[in-house]
Undergrad: 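Below is a structure I'd like to ask you about.
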Amino acid sequence: MLGGPGPGPTSVVVDEGAIARPFWIKFRSDSVFALYSPFVLCLASGDLNSNAFLHFVSQDVHFLKAFALAYELAEDCADDDDDKSGIRDLRKRVVQRLKSHDTLVREWGFELPDEKVSSDATVKYTDFLMAAASGRVQGENVPGRIATPFERTKVAAYILGAIAPCMRLYSSISREIQAVLVPADNSHIYKKWLDSYSSKTYEEFALQVEDMVDKLSISLTGEELKVIEKLYYQAIKLEVDFFATQPISQQTIVPLARVLDPAERRLTIFCDFDLTCTAFDSSAILAEIAIITAPKANSDGSETQLARMSSADLRSTWGVLSTQYTEEFEQCIESIMDSRKVEKFNYEGLNKALEQVAEFEKRANTRVVNSGVLKGLHLEDIKRAGQRLILQEGCRGFFQKIVKNDTLKTVVHVLSYSWCGDLIRSAFSSAGDLDELKVHANELTYEESVTTGDIVMKVESPMEKLQDFNDILNECNSEGKHLTVYIGGSVGDLLCLLQADIGIVIGSSSSLRRLGDHFGVSFVPLFTGLVKKQRELVKDGSCNWKGLSGILYTVSSWAEIHAFILGS
């Protein structure tokens with residue numbers, strides 16, 4: 001499979017000099033662990049036990065009191081009258097919210113208990129905030145008595161930097177939940193709470209806090225901005241922990257690892273590699289190795305080395321192959337799309353259509369072998385490139401955590417079109433503890449650790465991937481039942497994604513989406529699908545994951561996969 005870089009992150013325009021919004025963009029993936037917590041999922045489904053909800057909202061009092069005190073200290077530290085006025089306004093809004101808290105809860109349809117005891121997670125955050133407010137910040141040596149106006153302004157910025165992510169997180173979570181709900185449906189028991197935190201008023205409040213962080217940070221040094229960034233990140237982690245540790249007594253479907261009983265059903269994970277685990281297609285990496293190392297070929301024409309093209313010829317040949325692949329792939333997809341779109345999910349029709357893709361992939365691979373671009377690569381260069389390969393953010397961490405989970409005893413299989421299994425194995429072994437991942441890919445052939453240019457073809461098509469998938473499961477059947485998860489992002493993954501009990505699409509391949517949609521496949525955001533599954537669990541007492549349902553779950557990051565399967 002020929003390719004290049006995968007889709008980059010969505011660009012977001014922020015004001016020059018702003019820091020609060022860029023910090024949120026940078027650390028937003030961590031907020032996913034709050035969104036996918038058992039508490040928030042039950043809240044979104046509308047089936048959260050009311051006692052759990054009341055415990056949660058009772059903690060608001062402790063947060064609001066801490067915010068009010070922190071704003072008071074920040075106002076005292078600010079040396080600009082406009083800044084003081086802005087912070088004073090923020091404090092007034094918090095004090096007003098604190099005074100009306102019990103009334104608001106009654107308006108939401110609940111009555112708070114008299115006792116409002118702080119939870120451990122609440123105490124951790126409020127203690128952290130008060131430490132920031134007193135200047136006791138890691139990496140800073142603010143004296144016990146803050147003397148100079150500059151030192152005082154700096155602490156004001158630290159305080160606001162520790163508050164801003166809390167406001168943004170609540171707004172983000174409530175808006176994510178609102179997106180799942182039917183707008184005209186007022187039956188959701190927690191809709192008034194959600195309306196409050198996703199309202200225009202609350203969003204303006206969150207923006208006002210972020211604007212104040214930006215204003216107070218204008219005159220700070222690079223090192224001091226790094227301190228605010230650390231505070232911002234620590235605040236997010238503490239808030240995520242607050243959501244993740246909310247006590248609930250009801251049955252939930254997340255995290256998958258915690259609710260799955262290995263004695264009844266073992267978890268088996270399958271994953272694609274190129275543009276699923278990586279930001280670049282491995283074929284482009286192999287081509288670059290060939291081009292860079294071309295001068296290593298003997299210039300005297302010795303028979304001890306395989307003859308190689310020059311670097312310039314290699315680059316030119318690769319460019320032609322890559323362009324031809326892209327153009328013919330698009331033609332192949334368009335040819336399939338010319339057929340009539342089906343009304344409902346048609347697995348057989350999709351399978352038949354993908355035979356065209358299989359034929360195309362085999363022709364493309366034959367051209368690569370015949371071109372000689374993969375001739376003369378040293379195995380050590382390939383392994384070194386694999387060890388330096390940058391995986392998608394969160395991918396390595398997820399696999400490291402899941403293979404260490406002794407309770408789950410999960411086996412992970414990597415199914416890839418890649419021409420070189422050695423590259424994949426090196427990419428994972430560089431983590432030190434991912435040698436356990438089982439790699440199923442094509443293999444380059446070697447003579448004395450130098451590639452001959454040939455490829456041992458094992459996985460060239462969607463059908464061959466599916467055959468490997470089924471063969472692996474058949475071998476595992478002796479160990480009992482399995483719950484299968486397949487993670488992929490290309491057309492070649494479609495059959496396996498649909499066959500698995502849970503198919504997760506990562507990335508933004510338009511070809512995969514178009515082809516799937518053409519044959520009746522439904523693409524559902526993972527969080528939306530989990531809310532529906534949680535309701536199914538409450539209604540029927542069970543939640544059945546099964547393949548060939550025609551439903552695939554979409555995610556934008558590995559953090560979502562991690563949060564769903566392993567939790568925080």
Side-chain angles (χ1 to χ4, degrees), residues 1-7 269-286 321-322 324-337 347-368 392 413-421 423-424 438-443 455-472 484-500 503-519 521 523 547-548 552-554:
M1 180 177 179
L2 300 167
I269 293 179
F270 297 84
C271 183
D272 182 31
F273 184 70
D274 289 328
L275 305 183
T276 294
C277 295
T278 68
F280 288 85
D281 192 291
S282 63
S283 61
I285 296 169
L286 291 170
L321 289 169
S322 184
Q324 189 173 3
Y325 179 93
T326 302
E327 292 175 351
E328 291 188 9
F329 177 77
E330 288 300 324
Q331 291 169 7
C332 179
I333 298 300
E334 290 303 325
S335 174
I336 295 172
M337 297 298 292
Y347 181 79
E348 291 75 17
L350 174 61
N351 201 327
K352 182 70 175 175
L354 286 173
E355 290 178 3
Q356 294 182 49
V357 176
E359 292 172 2
F360 156 76
E361 293 286 3
K362 291 179 180 180
R363 288 196 305 271
N365 286 337
T366 299
R367 283 198 297 266
V368 169
Q392 297 273 15
H413 297 270
V414 180
L415 303 183
S416 175
Y417 277 180
S418 173
W419 299 323
C420 184
L423 183 74
I424 300 174
K438 301 183 183 301
V439 176
H440 311 264
N442 304 303
E443 302 288 352
I455 307 172
V456 179
M457 296 299 183
K458 298 180 179 180
V459 190
E460 285 190 276
S461 69
M463 295 78 182
E464 289 174 355
K465 265 197 175 186
L466 181 61
Q467 186 62 55
D468 276 0
F469 176 93
N470 288 328
D471 288 346
I472 292 165
T484 56
V485 176
Y486 190 98
I487 305 162
S490 66
V491 169
D493 297 312
L494 261 172
L495 296 181
C496 291
L497 283 164
L498 291 163
Q499 188 74 37
I504 300 177
V505 177
I506 187 169
S508 55
S509 168
S510 60
S511 298
L512 182 148
R513 303 288 183 110
R514 291 177 63 209
L515 203 57
D517 181 67
H518 193 75
F519 288 93
V521 176
F523 294 94
L548 297 179
L552 297 180
Y553 300 99
T554 62

Undergrad: Check whether any side-chain heavy atom of Thr278 sits under 4.5 Å from a side-chain heavy atom of Ile285, and report yes or no.
TA: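 No, side chains not in contact.
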Undergrad: Carefully, step by step, assess Asn351 and Met463 under the rule side-chain contact (heavy atoms from CB on, under 4.5 Å).
TA: CA-CA 8 Å; Asn351 201 327; Met463 295 78 182; 3.7 Å; yes
Undergrad: Please test Asp468 against His413 for side-chain contact (heavy atoms from CB on, under 4.5 Å), starting from the C-alpha separation and ending with a verdict.
TA: CA-CA 10 Å; Asp468 276 0; His413 297 270; over 6 Å; no
Undergrad: Please find the pair of heavy atoms, one from His518 and one from Met337, that lie closest to each other, and give the distance.
TA: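 The pair with the smallest heavy-atom distance is CE1-O, 3.4 Å.
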Undergrad: Rounded at 0.5 Å granularity, tell me how far NE2 in His440 sits from CD1 in Ile472.
TA: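 CD1 of Ile472 is found 3.5 Å from NE2 of His440.
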Undergrad: OG/Ser416 to CD1/Ile424 distance, rounded to the nearest 0.5 angstrom?
TA: 3.5 Å
Undergrad: Once you measure the plane-to-plane angle for Phe360 and Tyr325, does it fall in the parallel (<30°), tilted (30-60°) or perpendicular (>60°) bin?
TA: tilted
Undergrad: Which pair of non-hydrogen atoms, one from Gly489 and one from Ser509, has the smallest distance, and what is that distance?
TA: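 The pair with the smallest heavy-atom distance is O-CB, 3.1 Å.
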Undergrad: Check whether any side-chain heavy atom of Asp272 sits under 4.5 Å from a side-chain heavy atom of Lys465, and report yes or no.
TA: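 Contact flag for Asp272/Lys465 side chains = yes.
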Undergrad: Strictly by modelled atom types, are Asp274 and Tyr417 linked by a side-chain donor-acceptor pair under 3.5 Å?
TA: no
Undergrad: Assess whether side chain to side chain donor-acceptor pair (under 3.5 Å) is satisfied between Asn365 and Glu361, documenting all intermediate values.
TA: CA-CA 6 Å; Asn365 286 337; Glu361 293 286 3; 5.2 Å; no
Undergrad: Heavy atoms, side chains only, cut-off 4.5 Å: are Ser282 and Cys420 in contact?
TA: no
Undergrad: Taking the side chain as every heavy atom from C-beta outward, state whether Phe519 and Ile336 have any atom pair closer than 4.5 Å.
TA: yes
Undergrad: Heavy atoms only: give me the nearest Leu275-Ala279 pair and the separation to one decimal.
TA: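 Between these two residues, the closest heavy atoms are CD2-O, 3.5 Å.
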Undergrad: With rounding to the nearest 0.5 Å, note down the distance linking CG in Leu497 to CD1 in Ile506.
TA: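 Output value for this atom pair is 11.5 Å.
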Undergrad: Could you check whether any side-chain heavy atom of Ser511 comes within less than 4.5 Å of a side-chain heavy atom of Glu330, counting everything from C-beta outward?
TA: yes
Undergrad: Kindly determine whether Val459 and Leu415 satisfy side-chain contact (heavy atoms from CB on, under 4.5 Å), including the steps that lead there.
TA: CA-CA 8 Å; Val459 190; Leu415 303 183; 5.7 Å; no
Undergrad: Going from CD on Glu443 to CH2 on Trp419, what distance comes out if it is rounded to the nearest 0.5 angstrom?
TA: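 It comes to 14.0 Å.
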Undergrad: Atom CD in Gln356, atom CD in Gln331: separation rounded to 0.5 Å?
TA: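 Interatomic distance, Gln356 CD to Gln331 CD, rounded to 0.5 Å: 12.0 Å.
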Undergrad: side-chain contact (heavy atoms from CB on, under 4.5 Å) between Asp493 and Val505: does it pass, once the steps are laid out?
TA: CA-CA 9 Å; Asp493 297 312; Val505 177; over 6 Å; no
Undergrad: Closest heavy-atom contact between Cys277 and Cys271?
TA: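 The pair with the smallest heavy-atom distance is SG-SG, 3.6 Å.
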Undergrad: Measuring from atom NZ of Lys438 to atom CD1 of Ile269, what distance do you get when rounded to the nearest 0.5 angstrom?
TA: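 One gets 14.0 Å once the value is rounded to the nearest 0.5 Å.
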Undergrad: Considering only heavy atoms from C-beta outward, does the side chain of Val439 approach that of Phe273 to under 4.5 Å?
TA: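 No, their side chains stay 4.5 Å or more apart.
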Undergrad: Looking at every heavy atom in both Leu494 and Gly516, which two are closest together, and how far apart are they?
TA: CD1-N, 4.3 Å
